[in-house]
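Step one of this worksheet: look at the structure below.
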Protein chains: 2
Amino acid sequence: MARDTRDRILDAASRLFSERGFDGTAVAEVLALAGVRSGSLYHFFAGKEALAEAVVARCADRLREALLDPAEAAASDPLERVFALVGLWRRGLENGAPGAADPTGLLAAELAARRPTIGRLAEGYGARLATRVRGWLDAAGPRLPAGTDRGELAGFVFTVLEGATMQSRAAGSVEPFDRAVGQLRLLFSLLEGAARAAPVPVTGKAEQPAATVRTDGDPAGWRAW
Amino acid sequence: MARDTRDRILDAASRLFSERGFDGTAVAEVLALAGVRSGSLYHFFAGKEALAEAVVARCADRLREALLDPAEAAASDPLERVFALVGLWRRGLENGAPGAADPTGLLAAELAARRPTIGRLAEGYGARLATRVRGWLDAAGPRLPAGTDRGELAGFVFTVLEGATMQSRAAGSVEPFDRAVGQLRLLFSLLEGAARAAPVPVTGKAEQPAATVRTDGDPAGWRAW
DNA sequence: CTCTTAGTTGAATATTCAATCAAATCTATA
DNA sequence: TATAGATTTGATTGAATATTCAACTAAGAG
């Protein structure tokens, strides 16, 4: 069945690309894992890069169904939904199951320069994930301080996921991932504490540290404080 | 001069590995950028992987001199030292200068499984960076809440750096990096606010949020759902 | 059943890759 | 200056790679 073959190839590629990266994965390995021959693979995909693009596109297509909706269904508390999503991601990291720990960021870092479509697809993935997370953060209402940029915070969750994923791959263990998640939890509990302690933003100007820093190009975000 | 040749090769490799990863960089490209021929490269390095290992080892050797000491010298405020380090890292990201935005994490993610020495070297790099950052956090004394795990927080800084770096490479822009740094700033300002607001740990029982909050990296909370 | 199209096989192909190696050149020392 | 060792050159090698392609098989429609 052709549908099945194509999916088997995508599953195999997704898994191997996650583990070894694009250039570190030979087409022959994808073939072996998928149990097909090269002619089949090239029947469905124009080339190796097209395969990677299809992997990223599929991750993006499945984002809602595989990650966002299950996370939302798993917790009624909007902030806990964020961590339900993190838990699903972690599962993918552990067992290479499709639908979580998607290699979009990794593939984009590798391929965006030579195949911009992949960069755009991955960007869309990140944006949609962050948009949903932002929705949860918005639903938290006054539990987060009024001055919180909830869109930026949602994007940060994704950045941490990507960084922690890479570190865990390097270490061959989920421990770095778990440690990063612990700090993300800290961030959220601090935000909740700040919202309870002060009805005005905790980051008012009067509290800006006075130290001088000699760095070029100050990050855009910090002048808000 | 042999010393010069070896360094030129390492500079070229470091730069190209950062941009393209290990497997995405051909030895021929390193040769062209370094301005040497293949015999020279293999005289100094047993193979491509040995070259990568030397790149990581050099990053680790230079960590203090290239990143940690300059960051420390750039600011007297211990917490601002963290952001001075971030600024130096960002410079490396922008112009590929050796000594910042080191590709240790990237190379470890790619190569640790097939060359464990690289994994260990990169781990050492991360640990030393986090140790120094932890020193700065310790020097901040009561500015951070008493319950803060400063070692975990220091490690988190590194995780964010790695994740943001990867995202910026995918985007071909430093913007994702700057946004992540803005959120890291938020985290620090929240910590300072919490320390001022409460002489007891923010995670004290009286102020415990409905969700269990741990600062020791234990992600157990989401399993409750 | 026949015909057409989709899907599969797997050997072959051209290219790229990391690495080798003999010879030449350079450097430092006596 | 001669010598030994270090360094460099660059053509070559063999393996690995992504991909092609002719032939075959499977599936569906009439």
Side-chain angles (χ1 to χ4, degrees), chain A residues 1-58 103 106-107 110-118, chain B residues 1-58 103 106-107 110-118:
Chain A
M1 179 64 68
R3 188 77 226 161
D4 184 50
T5 302
R6 191 176 189 276
D7 279 345
R8 281 193 350 259
I9 294 168
L10 286 170
D11 288 345
S14 186
R15 182 173 195 151
L16 291 167
F17 290 158
S18 293
E19 291 171 7
R20 306 198 184 135
F22 177 80
D23 291 312
T25 300
V27 169
E29 294 174 284
V30 177
L31 297 176
L33 185 60
V36 302
R37 300 294 190 268
S38 65
S40 282
L41 186 146
Y42 290 98
H43 172 80
F44 291 108
F45 307 102
K48 194 182 176 184
E49 287 185 8
L51 174 60
E53 185 173 313
V55 165
V56 174
R58 194 177 68 157
L106 184 64
L107 290 175
E110 260 187 288
L111 293 170
R114 49 179 141 157
R115 195 165 178 119
T117 309
I118 290 179
Chain B
M1 177 66 68
R3 188 79 227 160
D4 185 51
T5 301
R6 191 175 189 273
D7 280 346
R8 284 196 345 260
I9 293 168
L10 286 170
D11 288 345
S14 185
R15 183 173 191 148
L16 290 166
F17 290 158
S18 292
E19 290 171 8
R20 309 203 178 131
F22 178 80
D23 290 312
T25 300
V27 169
E29 293 175 282
V30 176
L31 297 176
L33 186 59
V36 301
R37 301 294 191 268
S38 65
S40 283
L41 188 147
Y42 289 99
H43 173 81
F44 293 108
F45 307 102
K48 193 182 177 185
E49 287 185 8
L51 173 60
E53 184 173 316
V55 164
V56 175
R58 194 177 69 158
L106 182 67
L107 289 175
E110 261 189 284
L111 293 170
R114 51 179 136 155
R115 194 163 178 122
T117 311
I118 290 180

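Chain letters run A, B, ... following the sequence lines, proteins first and then strands; every chain starts at 1.
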Next item on the list: Grab the CG-P distance between B/Leu41 and D/dG10 for me, whole Å please.
Entry: 15 Å

Notebook entry, point to check: Tell me: CZ of B/Arg8 to C1' of D/dT8, nearest whole Å?
Noted result: 11 Å

Checklist line | Spacing of A/Arg114 atom CZ relative to C/dT16 atom C1', expressed in whole Å | finding: 13 Å

Checklist line | All pairs passing salt bridge (Lys or Arg N to Asp or Glu O under 4.0 Å) where residues 25-43 of chain B contributes a residue, at least two apart | finding: B/Arg20-B/Glu29

Next item on the list: Give a yes/no on whether any side-chain N or O of A/His43 is located under 4.0 angstrom from OP1 or OP2 of C/dT8.
Entry: no

Checklist line | Pairs touching residues 18-37 of chain B that satisfy ring pair (Phe, Tyr, Trp, His ring centres under 6.0 Å), sequence neighbours left out | finding: B/Phe17-B/Phe22

Check: Pairs in or reaching into residues 38-47 of chain A: which pass salt bridge (Lys or Arg N to Asp or Glu O under 4.0 Å), with residues at least two apart or in two chains?
Finding: none

Note to self: Can you measure B/Ile9 atom CD1 to C/dA19 atom P for me and round it to whole angstrom units?
What the structure shows: 13 Å

Check: When the distance from CG of B/Leu16 to P of C/dA18 is rounded to whole Å, what number comes out?
Finding: 12 Å

Check: Given atom CZ of B/Phe45 and atom C1' of D/dT8, what is their separation to the nearest angstrom?
Finding: 15 Å

Check: Is any side-chain heavy atom of A/Glu53 closer than 4.5 Å to a side-chain heavy atom of A/Leu111?
Finding: no

Check: Starting at CZ of A/Arg6 and ending at P of C/dT8, how long is that distance when rounded to a whole Å?
Finding: 12 Å

Note to self: Between the side chains of A/Asp23 and A/Lys48, is the shortest nitrogen-to-carboxylate-oxygen separation below 4.0 Å, so that they form an ion pair?
What the structure shows: no

Checklist line | Pairing residues for B/Ala46 by the side chain to side chain contact (heavy atoms under 4.5 Å, CB included) criterion, not counting sequence neighbours | finding: B/Ala50

Notebook entry, point to check: Where along residues 22-30 of chain A does a heavy atom fall under 4.0 Å from DNA chain C?
Noted result: none

Notebook entry, point to check: Does A/Ala54 have any side chain to side chain contact (heavy atoms under 4.5 Å, CB included) partners at least two apart in sequence or in another chain, and if so, which?
Noted result: A/Arg6, A/Leu10, A/Phe45

Pairwise N/O distances under 3.5 Å, protein to nucleotides 10-14 of chain C:
{"from": "C/dG10", "atom 1": "OP2", "to": "A/Arg37", "atom 2": "NE", "distance (Å)": "2.9"}
{"from": "C/dG10", "atom 1": "OP2", "to": "A/Arg37", "atom 2": "NH2", "distance (Å)": "3.0"}
{"from": "C/dG10", "atom 1": "O6", "to": "A/Gly39", "atom 2": "N", "distance (Å)": "3.0"}
{"from": "C/dA11", "atom 1": "N6", "to": "A/Ser38", "atom 2": "OG", "distance (Å)": "3.3"}

Next item on the list: Find out whether B/Thr25 and B/Arg15 are in side-chain contact, i.e. whether some heavy atom of one side chain is under 4.5 Å from a heavy atom of the other.
Entry: no

Notebook entry, point to check: Roughly, in whole Å, what's the span from CG in A/Leu31 to C1' in C/dT8?
Noted result: 12 Å

Checklist line | Set of side chain to side chain contact (heavy atoms under 4.5 Å, CB included) partners for B/Ala112, sequence neighbours left out | finding: none

Notebook entry, point to check: Can you tell me if the side-chain N/O atoms of A/Tyr42 get under 4.0 Å from OP1 or OP2 in D/dT19?
Noted result: yes

Notebook entry, point to check: What nucleotide, of D/dT19, C/dA19, D/dT8, holds the atom closest to the side chain of A/Lys48?
Noted result: D/dT19

